[in-house]
Number of protein chains: 2
Amino acid sequence: MPRRRRDAPRAVTIADVAREAGVSRATVSRAINDSDLVTAETKRTVEEAIARTGFVMNARGRALATGRAETVGVLVTEPLDELFDDPTYGRVLRGIAEGLTGSGFLPVIVQASSESERALALRSFERRSVDAVVHLTPYRGGDLLEALAGTGLPVVLCGQLVDSPYEGVFSTVYSDDVRGARLAAERLVADGRERVAAVLGPADNPATVDRRRGYAEVLGARLDEARTVHTGWDSTGGFSATAALLETHPDIDAILAGSDRIALGALAALRAAGRRVPDDVAVIGFDDHAIAANASPPLTTIAQPLVEEGQLAARLALEMIAGAAPRTEILPMRLIPRTTA
Amino acid sequence: MPRRRRDAPRAVTIADVAREAGVSRATVSRAINDSDLVTAETKRTVEEAIARTGFVMNARGRALATGRAETVGVLVTEPLDELFDDPTYGRVLRGIAEGLTGSGFLPVIVQASSESERALALRSFERRSVDAVVHLTPYRGGDLLEALAGTGLPVVLCGQLVDSPYEGVFSTVYSDDVRGARLAAERLVADGRERVAAVLGPADNPATVDRRRGYAEVLGARLDEARTVHTGWDSTGGFSATAALLETHPDIDAILAGSDRIALGALAALRAAGRRVPDDVAVIGFDDHAIAANASPPLTTIAQPLVEEGQLAARLALEMIAGAAPRTEILPMRLIPRTTA
DNA sequence: CCGGCAAATGAAACCGATTACATTCCGGAG
DNA sequence: CTCCGGAATGTAATCGGTTTCATTTGCCGG
């Protein structure tokens, strides 16, 4: 006989409930699962017995019998040093947890940074230790996505893929960078800004590409190619790029930043150059990072609905578990008006 | 017979491995679990069979047989609106995931904000659906902690409890606020600051109490009672409190802030009052929030080792699962020297 | 009053592992 | 040469549920 956990009192099982209710285990199971094969009468009897015995379903036994785990794996492959102080991860996670609340499914975090951890995670997925996978910040490198598809499990990608060949096999949730960028640009147009500059993140980043497109669509000639520069995501990049820009194009009256940290660098450069914000130059960031609200002056920025992203990812996962076809949802970003634009 | 998941190919079980290896299921199980009852020879045979069949252990079957779930529940009760944009949650979570990596245990997030969710979570814990619980930001209200103790499960509290009656029953991990505060204070002393002010968070907060004590121990008369004020955690509180303080005590040459956001407010107030930082007034924050590095000037602050906290919590949980007695670990904070002090 | 059919229930197989207990197969002591 | 003991393995019970299949029960029409 298996060794029981130390001092664990013998648990109440359906057998106990069955005895108490004077029916068989099968009937108890059916009553619990709302089968239409049991009388309302019997169901009530069983429910009373459950209440009297304090029975709580053992998830493992059920999982074993049904082949379902009642869990959703949250696969995180993000390199640990990146985005370290970014609340993104936590917010999406919270959204997922919220989205699963009440479904009976629980989120299981599977962190797989190294190649070996990834292989391990995949093998456990293959073995159906989770009923679905929500993959955060999907990562094209290696053959992870292909392997994920190979498991046959429902998979929800949280975050955008450049040109996904996985339409129809994975569900996807992401925020509409193009639309978000348009919102920022429209704000500047409404404000009468004429000579706009863009200080963007790395040129090969998919988010950068989309944001740039959104800016261009709205601003047209107001955003000169020569006033569009790429730099790193952090504030030092934003600072130096802006400083250089102010040298070559001293007449700019607005800056669209590729991230809030870039925007902070831009603000510093503007202050150093003696420009007033927003009087002389407007600035709009991206992400609604914690630093945006606390910047001086407080930064107008574009917010990604991260919690909603997580919630929706969870719901899509549940849908697919229930048999629905994969689908893609694009969430709208919001302009958070503060002081800088 | 239970309905199998759609299109799920029949899984490889130990029975298949046993057939392939020409031994019994029991022997396979023993080989897998490194029992010393199997010959090295047999073990090798089994391992080859495993490799050939591509067998992966079914965690649920094992969990059912052993009574262990191979999971650690991460209980989050934090009210959702608080600390919303704080990376704390995510970092600790990541630490936990890292700390569990390689142990075979997986973290399961159990979010229980409402009373009913809390009850549900507890019932599932009681049923041994997890092997241990790591409780984030423990919360004295209600009888949650008592109920947690009642489950008999190993519990690790992550974060400090004011005056815990649970010594010896829960393990606890938290950062040493007193020591952190001393670090900040010592920095000011070394810098020759003589008239120090403290703009702290709510007076009844345990962290505030500890930090205040740490400041007082080091600074003595340098930190006048009259220059110690309490306010809310955010920057507006920091701003107004600092502004008021500058009115009544214009001669202060350093400010110890109860949080980074308070510190940011203080910086703004100092700038408004025409004081230079750090030349006229030094400022030290607390938490190493993302905004600290991005402040202007970059904020010197005290960092909590959040990831390490999570890692340690995970390790303590594993220890207790293995039968170790609960213990308390207090992690050292670090001074992050930047520009403001 | 009886046969037949459907609804409700019970009995038992099963999910995939672990482990107590039984069995086999050694070698070595007497 | 026999017997004993321990090591290695096999057999089967078990964990806590679900589900198939068989059985019982109740109701109806003929």
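Naming: A, B, ... by sequence-line order, numbering from 1 per chain. Note that the structure is a prediction, hence the values are computed from the model and not measured.
- Between Ile14(A) atom CD1 and dT18(D) atom P the separation is 6 Å, expressed in whole Å.
- Within 3.5 Å, a donor on the side chain of Arg25(A) pairs with an acceptor on the base of dG17(D), or the reverse.
- Listed nucleotides dA17(C), dG16(D), dT18(D) differ in distance to Leu64(B); the shortest reach to its side chain belongs to dG16(D).
- Residues Leu145(A) and Phe170(A) have side chains in contact (heavy-atom distance under 4.5 Å, counting atoms from C-beta outward).
- Contact check, Asn33(B) against dT18(C): a side-chain N or O comes under 4.0 Å of OP1 or OP2.
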Contact state string [nucleotides 4-9 of chain D, B base, S sugar-phosphate only, - no protein heavy atom under 4.0 Å] = ----SB
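- For dG16(C), neither phosphate oxygen OP1 nor OP2 lies less than 4.0 angstrom from any side-chain nitrogen or oxygen of Arg62(B).
- With rounding to whole Å, Arg19(B) atom CZ is found 14 Å from dG10(D) atom P.
- A salt bridge does not link Arg44(A) with Glu47(A): every distance from a Lys NZ or Arg NE/NH1/NH2 to an Asp or Glu carboxylate oxygen is 4.0 Å or more.
- Looking at heavy-atom distances under 4.0 Å, Val56(A) makes contact with sugar-phosphate atoms alone, never a base.
- Looking at Leu144(A), Val74(A), Val76(A) one by one, the single match for side chain to side chain contact (heavy atoms under 4.5 Å, CB included) with His135(A) turns out to be Leu144(A).
- Set against dT18(C), dT19(C), dG16(D), the side chain of Met57(B) has dT18(C) as its closest nucleotide.
- As a whole-Å value, the separation of Arg68(A) CZ from dG16(C) P is 16 Å.
- Summary for the helix from dC1(C)-dG30(D) to dG30(C)-dC1(D): the axes at its two ends, each from 5 pairs, differ by 70° when rounded to the nearest 10 degrees.
- Distance CZ (Arg60(A)) to P (dT18(D)): 14 Å, rounded to an integer number of Å.
- With 3.5 Å as the limit, one finds no donor-acceptor pair spanning the side chains of Thr101(B) and Gln111(A).
- Taking atom CD1 of Ile32(A) as the reference point, atom C1' of dT9(C) lies 16 Å away to the nearest angstrom.
- Glu41(A) places its CD atom 13 Å from the P atom of dG26(D), with the value rounded to the nearest Å.
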